[in-house]
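Reading through the structure tokens given below for one structure.
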Amino acid sequence: MRIASWNINSVRTRIERAVDLLQRHDIDVLALQETKVKDEAFPTEPFTEAGYEVAHFGLNQWNGVALISRVGLENVRTSFPQQPGYHNDPTAPQDIEARALGAECGGVEVWSLYVPNGREIAHPHYDYKLRFLYTLGAYAHSLSTPAVFVGDYNIAPRDSDVWDASFFAGKTHLTEPERHAFSFLCSEGVEETSRRFTEGEYSYWDYTAMRFPKNEGMRIDFQVATAALAGRACAGFIDREERSGKGASDHAPVVVDYE
DNA sequence: ATGCCTTGCATGGCAAGA
């Protein structure tokens with residue numbers, strides 16, 4: 001089964017690219033992040049016409065996650081257990097945002113995840129990011145079944161995952177607490193399977209400062225599988241071509257095959 | 001030090017991205 005994950009940065013802007021991606025790579029399950037659309041405005045038809053089922057969770061112009069599957073799409077969930085919420089007003093109720101969508105696809109529990117960015121180290125969003133990752137880790141470790149958590153993790157686990165680690169001094173994405181939270185997730189048999197096939201490649205290049213032409217990118221989009229599935233990962237790649245050309249997302253799709 | 005670019009929306013300057 002071929003699973004792809006892509007931060008599409010607006011599904012309505014890039015719907016044709018998404019359908020092309022499915023067909024170009026013969027994808028079974030596509031997980032999208034940052035669809036940036038409410039459920040009622042999601043462009044379902046192009047996917048169903050291509051032979052896929054669609055599940056989407058979007059509340060407003062922020063975040064938004066989708067699962068596009070041709071191998072079944074059952075038991076859809078819009079949050080994982082104990083998933084934390086967020087609100088810019090810390091005294092207001094903390095809302096569960098559209099950052100997680102899970103379903104059973106072809107015998108595998110697939111989750112499309114958009115991990116909070118963190119914004120700045122001193123910002124409440126950074127603590128939100130850490131809590132999101134620890135509760136995700138607790139859920140992943142509670143499973144003995146095949147499951148995969150794919151998406152935009154907004155973390156570079158190693159300095160070699162970015163073009164210049166010194167650029168991120170004082171910024172989020174490379175800090176020790178973020179890496180510790182990610183290493184808690186990726187422990188006890190839970191593994192980032194995408195690393196096996198994409199080491200040294202990037203999945204994100206900022207739109208600004210000519211980052212893509214200079215190949216100044218970050219490897220921050222992953223597939224993380226439970227022990228019951230990780231051993232079945234047999235191939236994978238980052239579709240760097242998808243980042244090129246007019247109207248590209250700033251992220252590239254991350255594809256992994258599972259036997 | 002800042003903008004560099006891109007998105008959606010109360011369609012006009014923001015918020016957010018990383």
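Each chain gets a letter, A, B and so on, in the order its sequence line appears, and its residues count up from 1.
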Show the atom names and distances, to 0.1 Å, of all donor-acceptor pairs under 3.5 Å that link a side chain in residues 118-126 of chain A to residues at least two apart or in another chain.
| from | atom 1 | to | atom 2 | distance (Å) |
| --- | --- | --- | --- | --- |
| A:Arg119 | NH1 | A:Asn88 | OD1 | 3.1 |
| A:His123 | ND1 | A:His125 | N | 2.9 |
| A:His125 | ND1 | A:Gly118 | N | 3.0 |
| A:Tyr126 | OH | A:Thr175 | OG1 | 2.7 |

Watson-Crick/G-U partner (both atom distances under 3.5 Å) of B:dC14: B:dG8

Residue among A:Val150, A:Leu229, A:Ile3, A:Val256 satisfying side chain to side chain contact (heavy atoms under 4.5 Å, CB included) with A:Thr193: A:Val256

OP1 or OP2 of B:dA16 under 4.0 Å from side-chain N/O of A:His125: no

Sugar-phosphate only, base, or nothing, as touched by A:Asp152 at under 4.0 Å among non-hydrogen atoms: sugar-phosphate

Sugar-phosphate only, base, or nothing, as touched by A:Asn154 at under 4.0 Å among non-hydrogen atoms: sugar-phosphate

Interatomic distance at P, B:dA16 relative to B:dA10, whole Å: 14 Å

Nucleotide paired to B:dA1 in any strand shown, Watson-Crick or G-U, under 3.5 Å: none

For atom OH of A:Tyr153 and atom P of B:dA18, their distance in whole Å: 15 Å

Those residues that, when tested against A:Arg179, pass side-chain contact (heavy atoms from CB on, under 4.5 Å) (two or more places apart): A:Asp159, A:Leu174

Distance, C1' atom - from B:dA18 to B:dT6, rounded to whole angstrom: 13 Å

Touch class at under 4.0 angstrom, heavy-atom based, for A:Asn63 against every strand present: nothing

Whole-Å distance separating the NE2 atom of A:His251 from the P atom of B:dG17: 11 Å

Sugar-phosphate only, base, or nothing, as touched by A:Tyr204 at under 4.0 Å among non-hydrogen atoms: sugar-phosphate

Sugar-phosphate, base or nothing in reach of A:Phe212, heavy atoms under 4.0 Å: nothing

Ion pair check, A:Glu192 and A:Arg219, cut-off under 4.0 Å: yes

Distance in angstrom units between A:Phe222 CZ and B:dA18 P, rounded: 13 Å

Centroid-centroid under 6.0 Å between A:Tyr114 and A:Phe132 rings: no

Please list each protein N or O that sits under 3.5 Å from an N or O in nucleotides 4-9 of chain B, with the distance.
| from | atom 1 | to | atom 2 | distance (Å) |
| --- | --- | --- | --- | --- |
| B:dT7 | OP1 | A:Arg14 | NH1 | 3.4 |
| B:dT7 | O3' | A:Ser10 | OG | 3.2 |
| B:dG8 | OP1 | A:Ser10 | OG | 2.5 |
| B:dG8 | OP1 | A:Thr13 | OG1 | 3.3 |

B:dC14 to B:dC4 separation - P atoms, rounded to the nearest Å: 15 Å

Atom P, compared across B:dC9 and B:dC5: separation rounded to whole Å: 23 Å

Partners passing salt bridge (charged side-chain N to carboxylate O under 4.0 Å, His left out) against A:Glu242 (at least two apart in sequence or in another chain): A:Arg17, A:Arg24

Whole-Å distance separating the CG atom of A:Leu59 from the P atom of B:dA16: 15 Å

A:Arg77 and A:Glu109 ion-paired at < 4.0 Å: yes

Nucleotide B:dA18, atom P - distance to CD of A:Glu216 in whole Å: 18 Å

Distance below 4.0 Å between A:Arg119 side-chain N/O and B:dG17 OP1 or OP2: yes

Rounded interatomic separation in angstrom, taking OH from A:Tyr86 and P from B:dA15: 13 Å

Interatomic distance, A:Asp250 CG vs B:dA16 C1' [rounded to whole Å]: 11 Å

Whole-Å P distance, B:dG13 and B:dG17: 23 Å

Euclidean distance for P, B:dG12 against B:dT2 (whole angstrom): 29 Å

Nearest-angstrom distance from the residue atom CG of A:Leu174 to P of B:dA18: 14 Å

Sequence-distant partners of A:Ser69, side-chain hydrogen bond (donor to acceptor under 3.5 Å, both in side chains), two or more places apart: none

Sugar-phosphate, base or nothing in reach of A:Met218, heavy atoms under 4.0 Å: sugar-phosphate

Those residues that, when tested against A:Arg131, pass side-chain contact (heavy atoms from CB on, under 4.5 Å) (two or more places apart): A:Pro84, A:Tyr128

